[in-house]
Amino acid sequence: MMTLRNVHIIDVDTAAIGDAVDIDFADTITTIRPAEAPSAESNGFVLPGLIDTHVHLKSREPLVGALRTGLTTLVDLGTHPDSLVDDFRSDRGIPGIVSAGSAASAPGSSQIELMGFPVGSGVTGPDDAERFLDWREAGGADLIKIIIEDPDATEVPALDIPTLRALVDGAHDRGCSPSPMRSLRGRSIAASRPVSMCSRMSLSGHG
């Protein structure tokens, strides 16, 4: 058991700063009580762990630094191979990892040809969507990332609308539900369900 003494809890909904308290914790917080020795000079603050919703996993050092800044969860939107993600997930010295692994893109896309993502991440058409979703589920993905390019604005191969629909519908059939996200070059689709592919998976489109 450890104790944080004479700290202030920040209400993230109102930004209100509470009176000084002592907090007992082990794996989880067990007790919050008025500070035994309050001090007007107390400058410790407690707030919920922060989430970075778009990272790419490469090396351990920046992940350790992320934890020290208050980030307790990182959402990885593009890392391969899956074994690297698994290694990071088992590391208790870094934030928790929620990962898409490899993103869905068109065969011959920049992600495959220039960034080195697996050829299997290329979805050849609507009939190939289930194969991709099965592959991501088997790889332990928590969410799916879909690369959405505008064929009229780029020369690189892009997934067509029927393929995008098949990917999204396939995820919905597995229990995912959509919610909007934003990306730099296009629109995104995200979907989630609490815990298995969609018992752990959500759907994220990214351009």
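Annotation for Ile112 and Ser121: closest pair CG1-OG, 3.6 Å, computed over non-hydrogen atoms. The shortest non-hydrogen separation linking Pro107 to Val123 is CD-O, 3.3 Å. Nearest heavy atom pair, residue Asp142 against residue Ile97, reads OD2-O, 3.9 Å. Contact detail for Asn6 and Pro38: the closest heavy-atom pair is OD1-CA, 3.3 Å. Between Leu74 and Pro95, the shortest heavy-atom contact is CG-CB, 3.8 Å.
Taken from CD1 in Ile32 to CG in Leu4, the straight-line distance is 10.0 Å, to the nearest 0.5 Å. The line from NZ of Lys58 to CG of Leu63 is 11.5 Å long, rounded to the nearest 0.5 Å. Here CG of Asp160 is found 3.5 Å from OG1 of Thr163. Values are rounded to the nearest 0.5 Å. Here CE of Met2 is found 4.5 Å from CZ of Phe25. Values are rounded to the nearest 0.5 Å. Rounding to the nearest 0.5 Å places CD1 of Ile147 at 8.5 Å from CG of Leu159.
Although no hydrogens or angles enter the test, the distance criterion places no donor-acceptor pair under 3.5 Å between the side chain of His80 and the main chain of Ala103. Of the possible donor and acceptor atoms, none in the side chain of His56 sits under 3.5 Å from a partner among the backbone N and O of Thr79. Panel note: side chain Lys145, backbone Ala100; no donor-acceptor pair is recorded below 3.5 Å. Within the 3.5 Å criterion, the main-chain N or O of Gly18 finds a donor-acceptor partner in the side chain of His8.
Residue pairs that meet the ring-ring contact (aromatic ring centres under 6.0 Å, His included) test with at least one member in residues 86-105, sequence neighbours left out, do not exist here. Each salt bridge (charged side-chain N to carboxylate O under 4.0 Å, His left out) pair with one or both residues in residues 16-35, not counting sequence neighbours, appears once here: Arg5-Asp22, Asp24-Arg33. Applying the ring-ring contact (aromatic ring centres under 6.0 Å, His included) definition to pairs two or more places apart or across chains, those involving residues 124-165 are Phe132-Trp135. Pairs of residues two or more places apart, or lying in two chains, that qualify as salt bridge (charged side-chain N to carboxylate O under 4.0 Å, His left out) and include a residue from residues 101-129 are Asp128-Arg131. Residue pairs meeting the ring-ring contact (aromatic ring centres under 6.0 Å, His included) criterion with at least one partner in residues 89-110, sequence neighbours excluded, do not occur; the list is empty.
Val75 and Leu50 end up in different hydrophobic clusters when Ile, Leu, Val, Met, Phe, Trp and Tyr side chains are linked at under 4.5 Å. In this structure, Val55 is not a member of the same hydrophobic cluster as Val98, with clusters built from ILVMFWY side-chain heavy atoms closer than 4.5 Å. Cluster membership check: Val64 shares its hydrophobic cluster with Val85, using side-chain heavy-atom separations under 4.5 Å among Ile, Leu, Val, Met, Phe, Trp and Tyr. There is a path of hydrophobic side-chain contacts, each under 4.5 Å, that joins Ile144 to Ile161. Cluster membership for Leu84 and Ile94, using ILVMFWY side-chain heavy atoms within less than 4.5 angstrom, is shared.
For the salt bridge (Lys or Arg N to Asp or Glu O under 4.0 Å) test, residues two or more places apart in sequence or in another chain that qualify with Asp86 are Arg89. For Ser105, the side chain to side chain donor-acceptor pair (under 3.5 Å) partners two or more places apart in sequence, or in a different chain, are Ser109. Applying the side chain to side chain donor-acceptor pair (under 3.5 Å) rule to Asp82 yields the partners Arg136; only residues at least two apart in sequence or on another chain are considered. With sequence neighbours excluded, the residues forming a salt bridge (Lys or Arg N to Asp or Glu O under 4.0 Å) with Asp91 are Arg60, listed by chain and number. For Arg165, the salt bridge (Lys or Arg N to Asp or Glu O under 4.0 Å) test picks out no residue, with sequence neighbours left out. Looking at residues two or more places apart in sequence or on another chain, you find a side chain to side chain donor-acceptor pair (under 3.5 Å) between Ser99 and Asp76. The salt bridge (Lys or Arg N to Asp or Glu O under 4.0 Å) check on Asp52 picks up nothing, with sequence neighbours excluded.
Put simply, the side chain of Val46 reaches to within 4.5 Å of the side chain of Ile23, judged on heavy atoms. Inter-residue side-chain proximity for Thr31 and Thr3 is flagged as unmet; no heavy-atom pair is nearer than 4.5 Å. Counting only heavy atoms from C-beta outward, the side chains of Leu164 and Ile148 approach each other to under 4.5 Å. Looking at heavy atoms from C-beta onward, Leu71 lies out of side-chain contact with Ile51 at the 4.5 angstrom threshold. Taking the side chain as every heavy atom from C-beta outward, Leu47 and Ile9 never approach each other to under 4.5 Å.
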